[in-house]
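Written below as C-alpha cells is the structure these notes are about.
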Amino acid sequence: METIFGRYARTSDCGSLRREAAGGQAVLMGWVHRIRDLGRAGMFVLLRDRGGITQLLFQPDLAAEAYDLAKTLGPEHCIAVRGEVGARDEKNVNPDMATGEVEVRVTDLEVLSRSEVPPFEISGHSEAKEELRLRHRYLDMRRPEFQRNFLMRAAVTQAVRRHMSQQGFMEVETPFLVKYTPGGARNFLVPARLKPGRFYALAESPQIFKQLLMIAGFDRYFQVVKCFRDEDPRQDRQVEFTQIDVEMSFVTEEMILSQVEGMARVIWKEAIGLDLPEAFPRMTYAEAMSKYGTDKPDLRFGLEHQDITELGRDCGFRVFEQVAADGGLIKAIRVPGAAKVLSRKKLDDLTRFVQREEVGPVAGLAWAKLQAEGAWQGAFPKAAKPEALDAVAKQCSMEEGDALLVLAGPAVNVHKAADALRRRLGADFGLIDESAWALCWVTDFPLFEWSEEAQTWTSSHHPFTMPVAEDLDMLETDQGKVRARAYDLVCNGYEIAGGSIRIHDREIQARVLRALGISDQEAKDKFGFLLEAFKYGAPPHGGIAAGLDRIMMLLTGTDSIRDVIPFPKTINGLDLMTGAPGGVFDAQLAELHVQVTGTAGGTSQDADS
RNA sequence: GGGGUGGUAGUUAAGUCGGUUAUAACGCCGGCCUGUCACGCCGGAGGCCACGGGUUCGAGUCCCGUUCACCCCGCCA
C-alpha cells in the first residue's frame with residue numbers, strides 16, 4: 001500500500017463529491033466521524049473535514065491491507081485515504097447527506113494521527129456540559145454546526161469589509177493599549193514596565209481614536225475590532241468582544257442610519273440569503289419605554305404595554321390610587337383570549353415571576369378577565385368604579401375572553417417587571433415568530449442619567465454625544481429632559497448596534513462636561529488631547545458600533561455569543577482551556593513594580609498552579 | 001456584590017424516607033453480522049458520587065463552607 005500524505009494532494013474536501021465524480025479517483029483527508037462495521041460486507045467509515053462528510057467503504061476484497069488497517073481505526077483518528085469514487089445503488093443513497101449519492105471505495109489508507117477516545121462525542125447527539133466543552137474547545141469546534149457558524153462569521157466579516165470599502169470607508173487600526181479614562185465600563189489595566197507605577201488600559205472601544213481620525217480628515221473609517229470591558233459576562237456579553245466600528249464626517253443621523261441599514265442588508269444577505277427591507281422602522285426611546293418597558297424591545301410579537309396611570313388615579317382600587325398618588329406608574333398588558341388559559345395557578349406563578357425579577361418592589365400583579373357577556377373577574381374589576389373599568393377596557397381594547405395583567409409601582413420597577421412579563425408571556429403563549437427578523441431603530445435617548453451612587457448626572461452614551469438642538473437650553477436647567485442625538489439598532493430584543501452624532505463644537509462640549517460635573521481641570525486631565533484636537537477645525541461627525549458577536553449569535557440561531565466566539569471565556573471571565581487568568585512569578589511582578597495583596601485562590605508565586 | 005439551577009461511570013442522566021453489591025442509555029473494549037448511514041445482535045470493563053468539614057451506628061442522600069459551570073439582578077451599549 002502506498003503512503004498518501006506528501007505524495008498525493010487532496011482531490012477535494014469531504015463535502016464536495018457528487019454522482020458526477022463516480023468512476024474517478026479521490027484522495028481525501030480528515031477525521032473519522034463514525035464507524036459502522038458490518039463484518040464481511042465491509043466497513044463503513046464516515047470521514048469528516050471542514051467541508052462536510054463522505055462515506056468511505058473498506059472491503060477485504062477491495063484492498064485487504066487497507067481493510068485490516070481500517071479495523072484499527074477509532075473515532076477522531078486523522079487519516080488520509082485514496083480510492084475510487086463509487087456511485088451508490090439507488091436503494092443505498094442517503095438523501096440526508098450532501099455526498100449521499102457516492103462513497104469512496106478505499107484502496108489505500110494512511111493513519112496520519114491516532115486519537116485517544118475523546119472526552120465527549122464529536123459525532124454524538126447528546127450535548128456535553130459547557131464546562132467540558134470549553135476545556136476541550138478544539139474538539140467542540142470540530143462539530144459541523146460549529147464549523148458552519150465560524151464559516152458564516154468569516155463570510156460576514158469579509159462581506160462587511162468588501163461592502164464598507166466599496167462605500168468609501170477606510171479600515172484603520174487603533175491602539176488597544178490606551179490611557180485609562182474613568183466613567184463607562186471598567187477597564188482592564190496593564191502595568192507599564194517602562195514607567196513604574198503607571199498603567200495602560202485596554203481600550204473598551206476605539207471611540208476617542210475614531211473621532212480623532214475624523215479630525216485627521218479620514219472622512220470615513222471602519223474597523224473590525226476587539227474591545228475589552230472588565231464587567232461581568234452574560235449570555236450576550238464577553239469581556240472581550242468584536243465590534244464593527246464606524247465613523248463618518250459631514251453627516252447627519254439619516255446618513256449614518258441608512259449606511260448601517262445598507263450594511264445590515266449585506267450581512268443578512270451574505271449569511272442567510274435574506275433580503276432585509278430598505279429602511280428599518282424607528283421609534284423613540286420614550287415610545288419604547290412606554291410600550292415595552294425597555295430600550296431594546298423584541299418586536300416579533302405584540303403584547304404592548306398600556307400606561308393606565310391616569311385612569312388608576314381615582315379608580316376605586318386602593319392599590320392603584322396609592323401608586324398614582326405617589327407618582328408611580330401603572331401598566332397593563334392585554335393578553336388576547338387568555339381568560340381561560342390563565343388559571344389561578346398560572347397567575348400565581350406569574351405573580352411570583354414579576355416579584356422575583358429582582359427589579360425592586362412592584363405592587364404584585366393585578367389581573368382582570370373579561371368573560372362572556374361583559375362579566376368581569378378579578379380583584380381590580382371588583383373594586384374599581386364601573387366608569388374607570390370601562391375606560392381601562394376601552395384603552396386596552398379588551399374583548400370577551402381577554403385577560404388583562406396590571407403592574408403598579410415605581411416607574412423604573414414597573415417598566416422592568418412589565419418588560420420581563422411581556423417576554424415571558426410571549427414565550428409561554430408561543431407568540432414569538434422564530435423566523436422573523438424584527439430590526440428597529442430606537443432614537444432620542446436621554447443624554448444623561450442620574451447616578452444615585454455618584455449623586456451626579458452621567459452620560460447615557462458617552463460625554464461626546466451631541467444633544468438634540470432644541471433641548472440645548474435645558475443643559476443647565478433640566479438635564480434629565482435633554483435628548484441625545486443617539487440611536488441604537490435593535491434586533492429581536494437584542495441591541496446589535498449603537499452610536500451617536502458627536503459634539504464638534506467646543507462651547508457645547510464645555511457645557512455638557514459642566515453638566516456632568518466635570519471641571520475644566522478634570523476634563524483636561526482625562527481627555528485634554530481630544531479637547532485640544534477640537535480646537536483645530538473638527539468636522540461635524542458621528543458614527544456607530546455594531547456588535548458582531550451578537551449579530552452572529554442571531555444569524556446562526558445559537559443562544560449564546562460563546563457559540564460564535566472561537567475561544568470564549570466563562571461567566572467568571574476564565575478561559576478553562578488555558579487556565580487564564582493565571583498566576584505569575586514574583587520576579588515578573590517586581591519588574592513591573594506591582595505588589596499583590598489579596599490572592600484569593602492561587603498565589604502569585606506559583607505561576608499557573 | 002446579591003438571587004437561582006446544577007456537579008453521580010468517558011458522556012448524559014436516574015438514585016424513593018438516611019440503610020444490602022450505586023442504576024440506565026450512549027460511548028469504549030472483545031466477538032458475530034454481505035449495504036450500513038444515530039446499523040443491528042451477544043458479552044465485558046468502567047465509580048474518591050466536585051472538594052473540605054460536620055450530624056449520625058450508618059451520608060450520593062441531611063447541615064455548613066469552598067469551588068466550577070449555567071441563568072438572572074447589580075454592573076455593562
Side-chain angles (χ1 to χ4, degrees), chain A residues 33-46 53-61 71 74-76 86 88-97 99-100 103 105 116-136 139 183-187 204-205 207 227-239 241 243 295-296 353 355-360 413 416-417 420 442 445 449 451-453 459-462 465 486-490 494-500 544-547 550 559-560 562 569-572 574 576 600-602:
Chain A
H33 190 64
R34 232 172 160 84
I35 299 170
R36 291 185 291 273
D37 185 354
L38 271 67
R40 301 261 303 290
M43 213 176 135
F44 295 105
V45 172
L46 295 184
I53 294 176
T54 299
Q55 174 165 286
L56 310 178
L57 175 61
F58 294 89
Q59 278 178 329
D61 300 346
K71 285 272 186 191
E76 299 309 314
R88 299 201 206 176
D89 290 347
E90 199 62 43
K91 63 178 177 9
N92 291 328
V93 166
N94 184 345
D96 297 330
M97 279 177 83
T99 60
E103 64 198 4
R105 292 166 185 156
E116 290 185 15
V117 176
F120 52 88
E121 281 179 84
I122 282 80
S123 68
H125 294 260
S126 64
E127 289 268 288
K129 282 192 188 66
E130 187 112 14
E131 188 178 346
L132 192 69
R133 293 168 47 197
L134 288 172
R135 201 166 303 249
H136 303 275
L139 292 180
R186 190 179 291 116
N187 288 105
E204 49 185 88
S205 81
Q207 183 58 44
C227 302
F228 305 89
R229 292 179 190 166
D230 190 4
E231 300 290 350
D232 289 17
R234 282 282 195 288
Q235 198 177 26
D236 63 345
R237 275 166 31 192
Q238 283 267 307
V239 290
F241 62 99
Q243 282 187 173
D295 59 1
K296 46 187 170 84
F353 173 74
Q355 291 181 325
R356 200 186 48 107
E357 270 300 302
E358 295 126 351
V359 293
N413 303 348
K416 209 174 278 183
V442 177
F445 280 77
E449 272 165 26
S451 165
E452 282 298 330
E453 196 186 338
S459 297
S460 320
H461 194 56
H462 54 60
T465 305
Y487 33 80
D488 278 0
L489 181 59
V490 175
Y494 288 92
E495 183 215 322
I496 57 169
S500 64
I544 195 161
R550 282 186 194 166
D559 46 30
S560 162
R562 288 187 297 272
K569 293 182 174 49
T570 70
I571 205 145
N572 281 321
L574 306 180
L576 295 180

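Note that the coordinates shown come from a computational prediction; the quantities given were computed from them, not determined experimentally. Numbered from 1 within each chain, the chains take letters A, B, ... in sequence-line order.
Across all strands shown, B:U12 forms a Watson-Crick or G-U wobble pair, both distances under 3.5 Å, with B:A24. Base pairing of B:C41: its partner is B:G31, meeting the Watson-Crick or G-U wobble criterion (both donor-acceptor distances under 3.5 Å). Base pairing analysis places B:G74 opposite nothing; no Watson-Crick or G-U wobble pair with both distances below 3.5 Å involves it. Across all strands shown, B:C48 remains unpaired; no Watson-Crick or G-U wobble contact has both distances below 3.5 Å. Pair assignment for B:U36 gives none, since no Watson-Crick or G-U wobble pairing has each distance under 3.5 Å.
Under the stacking criterion of a centre-to-centre distance below 5.5 angstrom and an interplanar angle below 30°, A:Phe120 is not stacked against the six-membered ring of B:U11.
Put simply, the side chain of A:Arg237 and the base of B:C75 share a donor and an acceptor less than 3.5 Å apart.
Side-chain N/O atoms of A:Gln55 and A:Arg34 include no donor and acceptor closer than 3.5 Å.
Residue contacts shown for A:Gly184 are limited to sugar-phosphate atoms, with no base heavy atom under 4.0 Å away. Across all strands shown, A:Gln238 has no heavy atoms under 4.0 Å from either base or sugar-phosphate atoms. Here A:Pro75 lies in heavy-atom contact (under 4.0 Å) with sugar-phosphate atoms only.
Taking every side-chain heavy atom of A:Asp232 into account, B:G1 is the closest of B:U12, B:G1, B:C26. Nearest to the side chain of A:Leu57, among B:C73, B:C76, B:G35, sits B:G35. In this structure, of B:C72, B:C39, B:U11, it is B:U11 that holds the atom nearest to the side chain of A:Leu132. Comparing B:U36, B:U11, B:C76 against the side chain of A:Arg229 picks out B:C76 as the nearest.
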Between protein and nucleotides 67-70 of chain B, what N or O pairs are separated by less than 3.5 Å?
| unit_1 | atom_1 | unit_2 | atom_2 | d |
| --- | --- | --- | --- | --- |
| B:C68 | O2' | A:Glu131 | OE1 | 3.4 |
| B:C68 | O2' | A:Glu131 | OE2 | 2.9 |
| B:A69 | OP1 | A:Thr570 | OG1 | 2.5 |
| B:A69 | OP2 | A:Asn572 | ND2 | 2.2 |
| B:C70 | OP2 | A:Ile571 | N | 2.8 |
| B:C70 | O3' | A:Arg562 | NH2 | 3.1 |

Check nucleotides 31-33 of chain B for protein N or O atoms closer than 3.5 Å to its own N or O atoms and list the pairs.
| unit_1 | atom_1 | unit_2 | atom_2 | d |
| --- | --- | --- | --- | --- |
| B:C33 | N3 | A:Asp37 | O | 3.1 |
| B:C33 | N3 | A:Gly39 | N | 3.3 |
| B:C33 | N4 | A:Asp37 | O | 3.3 |
| B:C33 | N4 | A:Asp37 | OD1 | 3.4 |
| B:C33 | N4 | A:Gly39 | N | 3.1 |

List the protein contact pattern of nucleotides 41-49 of chain B with one symbol per nucleotide (5' to 3'): B for base contact, S for sugar-phosphate-only contact, - for none; contact means a heavy-atom distance under 4.0 Å.
---------
